[in-house]
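Here is the naming used below: chain letters follow the sequence lines, and residue numbers restart at 1 for every chain.
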There are 2 protein chains.
Amino acid sequence: MARQYHTKGKEVLLTYFMGSTGKRFCAKDVLDYLNDCEISMNQATVYRNLEKLTEEGKLLKTKNPSDDTGYYQYVGDGSCCREHLHIQCKVCGKIVHLEGPVMDSFNDYVQNKLNFVLEPKESVLIGKCPDCIDKE
Amino acid sequence: MARQYHTKGKEVLLTYFMGSTGKRFCAKDVLDYLNDCEISMNQATVYRNLEKLTEEGKLLKTKNPSDDTGYYQYVGDGSCCREHLHIQCKVCGKIVHLEGPVMDSFNDYVQNKLNFVLEPKESVLIGKCPDCIDKE
DNA sequence: AAAAATTTGCAAATCATTCGCAAAAGTCAT
DNA sequence: ATGACTTTTGCGAATGATTTGCAAATTTTT
């Protein structure tokens with residue numbers, strides 16, 4: 001199945017994301033950036049590369065509750081993001097990972113007490129992050 | 001500003017949602033249902049009514065992270081408590097309340113470690129319930 | 001029943017994202 | 001590096017959920 005080729009395109013995107021500590025960008029942000037740098041990459045290609053980098057576990061893709069736009073953030077080679085829950089700020093969209101001993105017992109409770117199989121990818125915890133609370 | 005009229009349309013939708021214990025439906029589900037019942041309601045009207053019922057607090061609108069479709073579920077009679085989290089079966093729609101000591105430490109972790117304010121009524125945990133797992 | 005306000009149907013528009021397909025570029029064995 | 005093979009790219013058009021503009025229909029108020 002689908003070997004990965006090393007292309008200039010993916011490299012440019014990855015560098016862009018890695019250079020900006022965990023910040024979230026949508027496809028349009030990337031397109032605008034490329035345009036500013038006079039790097040030419042088609043819109044479909046941008047989407048395809050974002051998807052590939054997401055599959056490779058380098059980017060995390062999320063959506064704000066309020067719109068349909070996909071946002072991507074660099075999460076290194078964190079293969080972790082697939083299995084655990086996240087909480088998202090309803091104001092700024094920031095994603096925080098939920099892990100650690102508390103979450104272990106949470107998962108244990110859900111799986112072994114309630115006998116539910118949790119689907120982290122379909123689940124969304126919504127809240128307000130400290131930064132956005134401060135700004136109010 | 002914008003008083004609410006009582007219309008047949010909204011009533012039909014509300015009845016549909018109330019009749020099916022908290023299960024999640026998207027606009028297309030509603031449209032299909034209306035079509036089966038030979039009730040005629042335009043797609044734009046369905047969307048407008050879903051939005052109005054959501055504004056009125058009768059429906060909760062959520063989106064799965066993995067797709068762009070909006071899902072609605074009835075929460076208007078307060079049967080779906082607003083102060084704590086729930087997990088819902090993606091197959092049958094059953095809702096289970098999450099409470100107890102494990103959830104207390106979960107809430108403590110989110111509020112005092114991460115400093116997030118969780119919004120339980122906007123958050124949805126999705127999974128599969130034991131009954132539906134057995135049936136597979 | 002008339003006037004005022006809101007809701008409806010319809011078709012077209014939006015907007016992010018995806019598709020089909022031929023051309024271009026990356027990879028590998030020779 | 002040459003050719004064979006595979007994956008990626010660009011392009012324009014298509015998709016799919018949702019929204020919009022507007023005139024007609026319905027509901028509420030007077």
Side-chain angles (χ1 to χ4, degrees), chain A residues 1-17 24-35 37-73 88 93 95 121-122 124, chain B residues 1-17 24-35 37-73 90 124:
Chain A
M1 84 139 103
R3 201 179 349 168
Q4 298 285 321
Y5 280 13
H6 181 257
T7 69
K8 236 186 306 189
K10 282 201 310 201
E11 188 160 314
V12 169
L13 294 198
L14 198 51
T15 307
Y16 171 59
F17 276 95
R24 296 179 354 126
F25 299 104
C26 66
K28 186 165 183 316
D29 295 331
V30 176
L31 251 356
D32 289 348
Y33 161 77
L34 293 173
N35 199 43
C37 298
E38 295 177 6
I39 296 170
S40 112
M41 193 184 313
N42 186 272
Q43 144 181 306
T45 305
V46 168
Y47 277 102
R48 283 183 287 223
N49 278 330
L50 289 173
E51 193 194 340
K52 277 170 200 156
L53 292 169
T54 302
E55 277 168 14
E56 292 172 26
K58 305 217 170 74
L59 299 182
L60 171 65
K61 179 183 184 181
T62 44
K63 283 180 184 172
N64 289 354
S66 45
D67 70 66
D68 284 345
T69 309
Y71 288 88
Y72 302 81
Q73 61 188 297
Q88 178 166 39
I95 301 281
K121 288 208 289 212
E122 298 184 45
V124 197
Chain B
M1 80 142 102
R3 210 175 343 170
Q4 296 287 321
Y5 282 12
H6 181 256
T7 68
K8 234 185 311 183
K10 281 202 307 199
E11 188 160 314
V12 169
L13 294 199
L14 198 51
T15 307
Y16 171 60
F17 276 95
R24 293 175 2 128
F25 298 103
C26 65
K28 184 163 186 317
D29 295 331
V30 176
L31 251 355
D32 288 348
Y33 161 78
L34 293 173
N35 198 44
C37 298
E38 292 176 9
I39 297 169
S40 110
M41 192 184 315
N42 186 274
Q43 142 181 308
T45 305
V46 167
Y47 276 102
R48 283 185 286 225
N49 278 330
L50 289 173
E51 193 192 340
K52 280 171 198 153
L53 292 169
T54 302
E55 277 168 16
E56 292 173 26
K58 306 215 171 73
L59 299 183
L60 169 66
K61 178 183 183 181
T62 43
K63 278 181 186 172
N64 290 351
S66 45
D67 70 69
D68 285 343
T69 310
Y71 288 88
Y72 302 81
Q73 61 189 298
K90 67 191 283 191
V124 190

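- Between Phe25(A) and Tyr33(A), the distance from one ring center to the other does not fall under 6.0 angstrom.
- Salt bridge present: Asp68(B) and Lys63(A) bring a charged side-chain N and a carboxylate O closer than 4.0 Å.
- In the interface, the side chain of Arg48(B) is paired with the base of dG9(C) through a donor and an acceptor atom under 3.5 Å apart.
- Residue Lys52(A) places at least one side-chain N or O under 4.0 Å from the OP1 or OP2 atom of dT9(D).
- Contact annotation: Asn49(A) side-chain N/O to dT9(D) OP1/OP2 distance is under 4.0 Å.
- Of the possible donor and acceptor atoms, one in the side chain of Asp29(B) sits under 3.5 Å from a partner among the backbone N and O of Cys26(B).
- Where Lys8(A) and Thr69(B) each meet DNA chain D at their nearest nucleotide, the meeting point lying more 5' is that of Lys8(A).
- Residue-level contact check: Lys28(A) touches neither bases nor backbone, having no heavy atom under 4.0 Å from any strand.
- The phosphate of dG9(C) has OP1 or OP2 within less than 4.0 Å of a side-chain N or O from Thr45(B).
- In this structure, the CD atom of Glu51(B) is 12 Å from the C1' atom of dT20(D), given to the nearest Å.
- Both Asp68(B) and Ala44(B) lie near DNA chain C, and the one whose nearest nucleotide falls closer to the 5' end is Ala44(B).
- At a cut-off of 3.5 angstrom, counting only N and O atoms as typed in the model, there is a donor on one side and an acceptor on the other between the side-chain of Tyr5(A) and the base of dT6(D).
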